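Heads up: the structure comes next, in structure tokens.
Just so it is clear, the structure is predicted and the values come from calculations on it, not from any experiment. Naming convention: chains lettered A, B, ... in sequence-line order (proteins, then strands); numbering from 1 in each chain.
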There are 2 protein chains.
Amino acid sequence: MESRIERIKKHLHSSSYKLTPQREATVRVLLEHEEDHLSAEDVYLLVKEKSPEIGLATVYRTLELLTELKIVDKINFGDGVSRYDLRQEGAAHFHHHLVCIECGAVDEIQEDLLEDVEAIVEKRWNFQIKDHRLTFHGICYRCQDKEE
Amino acid sequence: MESRIERIKKHLHSSSYKLTPQREATVRVLLEHEEDHLSAEDVYLLVKEKSPEIGLATVYRTLELLTELKIVDKINFGDGVSRYDLRQEGAAHFHHHLVCIECGAVDEIQEDLLEDVEAIVEKRWNFQIKDHRLTFHGICYRCQDKEE
DNA sequence: TTCCTTTTTTAAAATGATTTTCATTTTGAA
DNA sequence: TTCAAAATGAAAATCATTTTAAAAAAGGAA
Ligand SMILES: [Mn+2]
Ligand SMILES: [Mn+2]
Ligand SMILES: [Zn+2]
Ligand SMILES: [Zn+2]
């Protein structure tokens with residue numbers, strides 16, 4: 001955890017940004033909720049618990065900065081808010097998501113799975129892929145069990 | 001074109017909705033811009049050219065209705081507005097997109113390409129896939145030619 | 001240290017997309 | 001033709017996000 005913060009600090013410095021107390025508090029919240037898909041407001045409320053003086057605009061600015069540095073990925077599941085997801089350290093691409101249309105749960109797929117598809121797209125559409133967003137909408141294992 | 005409208009009309013009727021003049025005007029604009037990715041405001045301005053009395057709220061309501069009936073797909077490319085994309089008639093899944101990070105162009109991939117990936121996801125994650133969203137971010141063929 | 005410039009933060013106001021409200025109009029079945 | 005339900009338009013409301021402006025913090029140079 002601490003070493004992860006250290007590396008993020010260096011990452012910021014290498015782009016001449018500072019790891020201010022507010023930024024650190026925000027990053028800690030993200031690290032403590034790796035599995036979640038928090039909105040800016042969600043992050044704000046969590047950061048506020050330990051650093052009550054922080055402002056919402058600062059959280060927005062920090063999330064924007066972390067997105068720019070590819071420390072987090074910004075994603076939109078169609079519910080009107082952007083959500084922020086810590087990127088696995090060293091991951092070349094964003095991971096995938098399973099959104100359940102019954103219960104709203106969001107599960108993650110860390111495996112790449114797209115290597116072949118990307119090879120085809122790069123070749124056939126002559127498109128140089130830098131990143132991707134892949135989300136499946138359907139019924140999660142939990143909701144399937146509930147079905148009659 | 002006319003037959004496509006007829007089928008959409010039947011589709012609405014089968015869910016006991018009417019194809020009002022405003023809805024028809026909206027659908028026509030979408031049909032005339034199949035390749036584009038129009039925002040609600042874009043649609044509104046285009047509909048207004050032929051039906052100046054229409055209201056923006058009606059366009060929003062119509063797009064929501066068409067989305068619910070899976071006649072259009074709502075998509076978000078991260079620029080703060082939702083965009084609406086006519087679904088290919090009879091298509092089981094939404095098509096894919098190539099977003100150029102240089103010029104902003106959005107190109108389409110109509111081929112499925114995900115059959116194998118979906119088979120793996122259904123089996124390994126026990127997730128019953130109903131639809132998907134796949135977008136690649138990268139450099140389009142036009143911008144590659146322009147490089148250095 | 002002290003001074004100075006730059007960066008960052010905060011709270012409040014502004015913005016912009018989307019939704020809701022409500023009075024009015026249109027629709028289609030009886 | 002009549003009438004209840006559905007749909008519309010204009011305006012207001014809502015909500016996420018961004019901008020503004022003044023104050024605070026950071027950190028390098030003297
Ligand atoms: Mn995730
Ligand atoms: Mn498209
Ligand atoms: Zn579920
Ligand atoms: Zn391009």
Between [atom2] of [N] and [atom1] of [X], the distance in whole Å:
| X | N | atom1 | atom2 | result |
| --- | --- | --- | --- | --- |
| B:Leu56 | C:dT21 | CG | C1' | 15 Å |
| B:Leu65 | D:dA7 | CG | P | 8 Å |
| A:Asn76 | C:dA17 | CG | P | 15 Å |
| A:Ile54 | D:dA25 | CD1 | C1' | 14 Å |
| B:Glu64 | D:dA7 | CD | P | 12 Å |
| A:Asp42 | D:dT17 | CG | P | 10 Å |
| B:Arg61 | C:dC22 | CZ | P | 14 Å |
| B:Leu66 | D:dA7 | CG | P | 12 Å |

Does A:Asp36 use its side chain to pair, donor to acceptor, with the backbone of A:Leu38 at less than 3.5 Å?
-> no

State whether A:Arg83 and A:Asp42 are salt-bridged, where the test is any N-O pair (Lys NZ or Arg NE/NH1/NH2 against Asp/Glu carboxylate O) under 4.0 Å.
-> yes

Does a salt bridge link B:Glu118 with B:Lys123, judged by any charged N lying under 4.0 Å from a carboxylate O?
-> no

Does the side chain of [X] pick up a donor-acceptor pair with the side chain of [Y] at under 3.5 Å?
| X | Y | answer |
| --- | --- | --- |
| B:Asp85 | B:His37 | yes |
| B:Gln88 | B:His95 | no |
| A:His96 | A:Gln110 | no |

With respect to the phosphate group of D:dT18, does any side-chain polar atom (N or O) of A:Tyr60 fall under 4.0 Å of OP1 or OP2?
-> no

Check whether any side-chain N or O of B:Ser82 sits under 4.0 Å from OP1 or OP2 of C:dA17, and answer yes or no.
->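 Indeed not, no polar side-chain atom of B:Ser82 lies that close.
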
Given DNA chain C, 5'-ward residue of the pair B:Ala57 and A:Glu53, judged by closest heavy atom =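 Result: A:Glu53.
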
In sequence, state the C-alpha distance, the side-chain angles, and the governing distance for A:Thr62 and A:Gln22, and then conclude on side-chain contact (heavy atoms from CB on, under 4.5 Å).
-> CA-CA 8 Å; A:Thr62 300; A:Gln22 291 89 342; 5.6 Å; no

Expected list for residues 5-35 of chain A near DNA chain D, using heavy atoms below 4.0 Å, is A:Lys18

